[in-house]
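Here the structure comes first, spelled out in structure tokens, and everything after it is commentary.
Proteins come first, then strands; the chains are lettered A, B, ... in the order of their sequence lines, and each starts at number 1.
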2 protein chains.
Amino acid sequence: MQQMGDDQSGSETGRTLILDELLGYALRRAQLKVFKDFEEAMREYAIRPAQFSALVVVEEMPGVTQSELAQRLAIDPPRVVNLVHDLEKRGYAVRVRCKRDRRSHGIFLTKPGEALVTTLKRLSVESDARASVGLSEDERAHLLRLLRKIYDTPEAP
Amino acid sequence: MQQMGDDQSGSETGRTLILDELLGYALRRAQLKVFKDFEEAMREYAIRPAQFSALVVVEEMPGVTQSELAQRLAIDPPRVVNLVHDLEKRGYAVRVRCKRDRRSHGIFLTKPGEALVTTLKRLSVESDARASVGLSEDERAHLLRLLRKIYDTPEAP
DNA sequence: TATTGTTATACTCTATAACTATA
DNA sequence: TATAGTTATAGAGTATAACAATA
């Protein structure tokens with residue numbers, strides 16, 4: 001290994017000069033690692049990250065419409081259709097036509113859906129703890145705060 | 001908007017109780033935002049994030065083999081094939097068979113490849129600065145350090 | 001005319017297995 | 001037999017346009 005690289009490369013540290021100074025690259029690497037554990041934890045319930053976040057939002061906002069859900073999760077409406085359709089097909093959620101505006105569908109969890117999301121939230125917290133085992137409690141809180149600053153800052157147009 | 005949600009939801013803050021306490025969710029949101037600007041900046045050169053990182057590594061490690069590149073970027077070997085093949089097809093890189101081990105191919109940048117990566121590195125730094133405009137220099141450095149701690153920590157098996 | 005949800009589509013990313021050529 | 005690279009393939013994620021029902 002490293003036969004061709006050793007004699008010509010300037011780096012033996014496992015770091016490149018620029019990649020590890022870029023937030024985008026560091027964010028991607030960190031996210032890949034955290035998601036890997038998360039997906040592993042959810043595998044038993046066949047729940048993908050996007051489905052998990054949808055379940056959690058519906059639990060906290062019963063009757064949320066699909067367009068609201070799309071906005072809240074920062075995903076496109078067509079994705080929400082499939083997402084919710086699958087949850088409904090599996091008996092975890094139902095769509096109820098809104099009486100006031102019959103174009104809208106409010107989403108509610110079923111009893112099994114409530115039970116599932118309770119379990120999944122516990123698993124997600126455990127997975128998150130594993131992923132951040134190298135961080136102190138202060139560091140973890142600080143990281144969260146900085147990440148929110150990134151994605152809450154409106155982009156300059 | 002919010003017709004069905006308003007009267008039943010417990011959250012009016014734009015935050016859910018648990019999602020914003022999860023590193024995985026915050027990482028995904030932040031990464032989406034940073035990548036959006038990055039991809040926009042690279043669009044003119046038709047370079048995807050993975051190709052950019054490959055170019056940078058090859059520049060810093062001339063003659064790196066494809067398997068080394070896969071390991072360095074934490075991606076699977078089959079992805080590297082397409083990645084490098086495309087760069088070679090467009091004249092930015094060449095694959096040279098290694099004399100010592102004729103199974104290996106060392107990757108080198110061409111002159112146009114060197115010129116391209118110089119431009120792209122500048123663009124990437126500018127994009128990163130835009131994405132972290134809400135952060136001070138100290139915060140940005142701290143965030144990078146915390147992210148590296150996440151993805152450098154070996155996973156507990 | 002505008003909006004909600006939907007369908008269809010296509011393109012990328014990602015992962016896996018299986019093949020080849022070299023060792 | 002083991003490894004580097006490759007091929008093929010399939011699944012998931014993502015984005016867009018266009019349509020139906022409703023407002």
Which of these nucleotides, [options], is closest to any side-chain atom of [X]?
{"X": "A/P78", "options": "C/dT7, D/dT7, C/dT3", "result": "C/dT7"}
{"X": "A/Q66", "options": "D/dG5, C/dT22, C/dT6", "result": "C/dT6"}
{"X": "A/D76", "options": "C/dT6, D/dA15, D/dG5", "result": "D/dA15"}

### Message
Taking the nucleotide of DNA chain C with the nearest heavy atom to each, does A/R28 or A/V81 sit closer to the 5' end?
### Response
A/V81
Check for a donor-acceptor pair, side chain of [X] on one end and backbone N or O of [Y] on the other, with a separation under 3.5 Å.
{"X": "A/T65", "Y": "A/S104", "result": "no"}
{"X": "B/R97", "Y": "B/R102", "result": "yes"}
{"X": "B/E60", "Y": "B/V57", "result": "no"}
{"X": "A/S132", "Y": "A/D128", "result": "yes"}

### Query
Under 3.5 Å, is there an N or O donor on one side and an acceptor on the other linking the side chain of B/R79 and the base of C/dT14?
no
### Task
Classify the nucleic acid contact of A/R48 as base, sugar-phosphate or nothing, counting any heavy atom under 4.0 Å across all strands shown.
sugar-phosphate
### Task
Remember a base hit wins even if backbone is also touched, and classify B/R95 as base, sugar-phosphate or nothing at under 4.0 Å, heavy atoms.
sugar-phosphate
From [atom1] of [X] over to [atom2] of [N], roughly how many Å is that when rounded to an integer?
{"X": "A/F35", "N": "C/dA15", "atom1": "CZ", "atom2": "C1'", "result": "17 Å"}
{"X": "B/D86", "N": "C/dC11", "atom1": "CG", "atom2": "C1'", "result": "14 Å"}
{"X": "A/I75", "N": "D/dA12", "atom1": "CD1", "atom2": "P", "result": "16 Å"}

